[in-house]
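To start, the structure itself, in C-alpha cells.
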Amino acid sequence: MPELPEVETVARGVHDRVRGQRILDVWLGSHREPFNTPPARLAKGLEGRTILAVRRIGKHIVADLADGKTATPAAQWIVHLGMTGRLLVTTPDAPVVAHTHARAALSSGRELRFVDPRRFGRLELRQFPKDQPFAAPGAEPLTIQADAFAALFRGRKLAIKAALLNQSLLAGVGNIYADESLFHAALRPRRLAGRLTRTELERLRIALQDVLQRAIARGGSSVSDYVDANGVRGFFQLEHRVYQRTGAPCLVCATPIHRIVVAGRSTHYCPTCQH
DNA sequence: CATTTCACCTGGTGGC
DNA sequence: TGCCACCAGGTGAAAT
C-alpha cells in the first residue's frame, strides 16, 4: 500500500476532485472482503450525502459526509487501501477495470471508484452520533516531537524496524519508509528499539520526517502499480537508497545492499553505512 | 501485556 | 509454453 506519502497523495487528489460533490448512487461488488461495514448499510450511508472534505489519517483516507447543505459531518467514509487499493475519479463511461469493488456516482457527473485486486483494503462507514469519529491509534509521524517520539520506543524489546511498522505507535509508516528512514539515520533495522540512544532516536525522527516529506513532494513511490486519483504514478522510488536494491551498490559507499527478513517483511540496509 | 508468526488475496517474475 | 516457488506498499488473529 500505499504508505503515508502515497495515501496523502491519493487523499489530496480525491479531495480536489470530489469536495462539495453529492453522492447520487452507489454500486458495491459482491466480494465480502473489502467491507468492514455491511454493503447495504454502507451504500445507504453514502447515498444522498455531500462530501465536505477528504483527508489522510495514518494510512486511512477519511471523507467527511454531510446531510443536505449543512457543514457539520453526519458521517465519515473510511477507506484503507491495503496493499493494492486505488481510489480513482473517472468519467462514468471509463472502462470498469477488473477488481472494481465500489462505484459512487457524483453530482459532478463523474464517478469515484475503489479498485483493489488483492482485497486487503477496507471500506467502512461511521455514522454519527452512534459511532466515534475516526482516529488513528498511533502518533502522526510528520509532526511528532522529540520527547514523544523517544517515549514510543522506551523499554521495547523488539527490532526498531518492527517498531516503526507498528501502527499503534506511529500511524502511517510502512515497509518502504521504515527501510529508507533507517538508512538515512544510519541505524541497522535489527537494533532493539529500547536500546537506541536519545541521539539515535532523534536522528531517526528527523530522517523519517525528511523522507516522508520528500516522498509526498514526489507524489509517493510507485513500486509496481500504485497510481494517484488521476492515474498518475509517484516518483519517489527514484530516490530509494535501500528499498528493493538488494545486491546493488550502496549509493554512498558502494557496498552491496543486504536483504534480511525482520517482522516477516523484506528489510534492506547497507552493512557499511548503518550500525 | 508484548512480541512473533501466519493467513488473508491476486498477479507478476524468474527458474526449470 | 507450462508449472511452480517466491515475492509484493498491510494488518489482524492466533500462537508464544
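All chains are named by letter (A, B, ...) in the order of the sequence lines, taking the proteins before the strands, and each is independently numbered beginning at 1. Computed from a prediction, not measured in an experiment: that's the story for all the values here.
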Under 4.0 Å between a side-chain N or O of A:Lys59 and OP1 or OP2 of C:dG9?
-> no
Using atom NE2 of A:His80 as one end and atom P of C:dG12 as the other, report the distance to the nearest whole Å.
-> 7 Å
Find the distance A:His268:NE2 to C:dA8:C1' and express it as a whole number of Å.
-> 10 Å
Just checking A:Arg265: base, sugar-phosphate only, or nothing, at a heavy-atom cut-off of under 4.0 Å?
-> base
Starting from P on C:dA8, measure out to CG on A:Asp179 and report it in whole angstrom.
-> 10 Å
Can you label the angle between the A:His60 ring and the A:His80 ring as parallel, tilted or perpendicular, going by 30° and 60°?
-> perpendicular
A:Phe120 CZ to C:dA13 P, in whole Å, measures 15 Å
Tell me, yes or no, whether the heavy-atom count around A:Arg203 atom CZ, taken from other residues, nucleotides or ligands under 6.0 Å, exceeds 12.
-> yes
Give me the first and last nucleotide of DNA chain B, going 5' to 3', that has any atom under 4.0 Å from a heavy atom of chain A.
-> B:dT3 to B:dG11
Specify the separation, in whole Å, of atom CD of A:Gln244 and atom P of C:dC7.
-> 12 Å
In whole angstrom, give me the gap between the P atoms of C:dC3 and B:dC9.
-> 24 Å
Rounded to whole angstrom units, what separation is found between the CD atom of A:Glu3 and the C1' atom of C:dG9?
-> 5 Å
Would you confirm whether A:Glu47, through its side chain, and A:Val26, through its main-chain N or O, come within 3.5 Å as a donor-acceptor pair?
-> yes
Presence of A:Tyr243 side-chain N/O under 4.0 Å of C:dA8 phosphate oxygens OP1/OP2 = no
Report the nucleotide, chosen from C:dG10, C:dA8, C:dG9, that has the shortest atom-to-atom distance to any side-chain atom of A:Ile176.
-> C:dG9
What integer distance in Å separates A:Leu164:CG from C:dT11:P?
-> 13 Å
Lys/Arg-Asp/Glu bridge criterion (N-O < 4.0 Å) met for A:Arg198, A:Asp147 | yes
Starting at the 5' end of DNA chain C, which residue's closest nucleotide do you reach first, A:Arg118 or A:Gln167?
-> A:Arg118
Between A:Asp179 and A:Lys161, does at least one N-O distance fall below 4.0 Å, as a salt bridge requires?
-> yes
Please go through A:Val242's hydrophobic cluster and name the other residues, only I, L, V, M, F, W, Y counting, with side-chain heavy atoms under 4.5 Å joining them.
-> A:Phe183, A:Val252, A:Ile257
Rounding to the closest angstrom, what is the interatomic distance between C:dG9 and B:dT3 at atom C1'?
-> 23 Å
Represent DNA chain B in dot-bracket notation, 5' to 3'. Only Watson-Crick or G-U wobble pairs with both distances under 3.5 Å count; pseudoknot-style crossings use [ ] and interstrand partners use |.
-> .|||||||.|||||||
Please state how far atom CG in A:Leu4 lies from atom P in C:dG10, giving the value in whole angstrom units.
-> 11 Å
When we call it a touch if two heavy atoms are under 4.0 Å apart, what does A:Gly174 touch: a base, just sugar-phosphate, or nothing?
-> sugar-phosphate
From A:Gln237 atom CD to A:Glu180 atom CD, the distance as rounded to the nearest 0.5 Å = 11.0 Å
Side chains of A:Arg259 and A:Ser266: donor-acceptor distance under 3.5 Å anywhere?
-> yes
Can you label the angle between the A:Phe114 ring and the A:His101 ring as parallel, tilted or perpendicular, going by 30° and 60°?
-> tilted
Lys/Arg N to Asp/Glu carboxylate O, A:Glu239 vs A:Arg241, below 4.0 Å | no
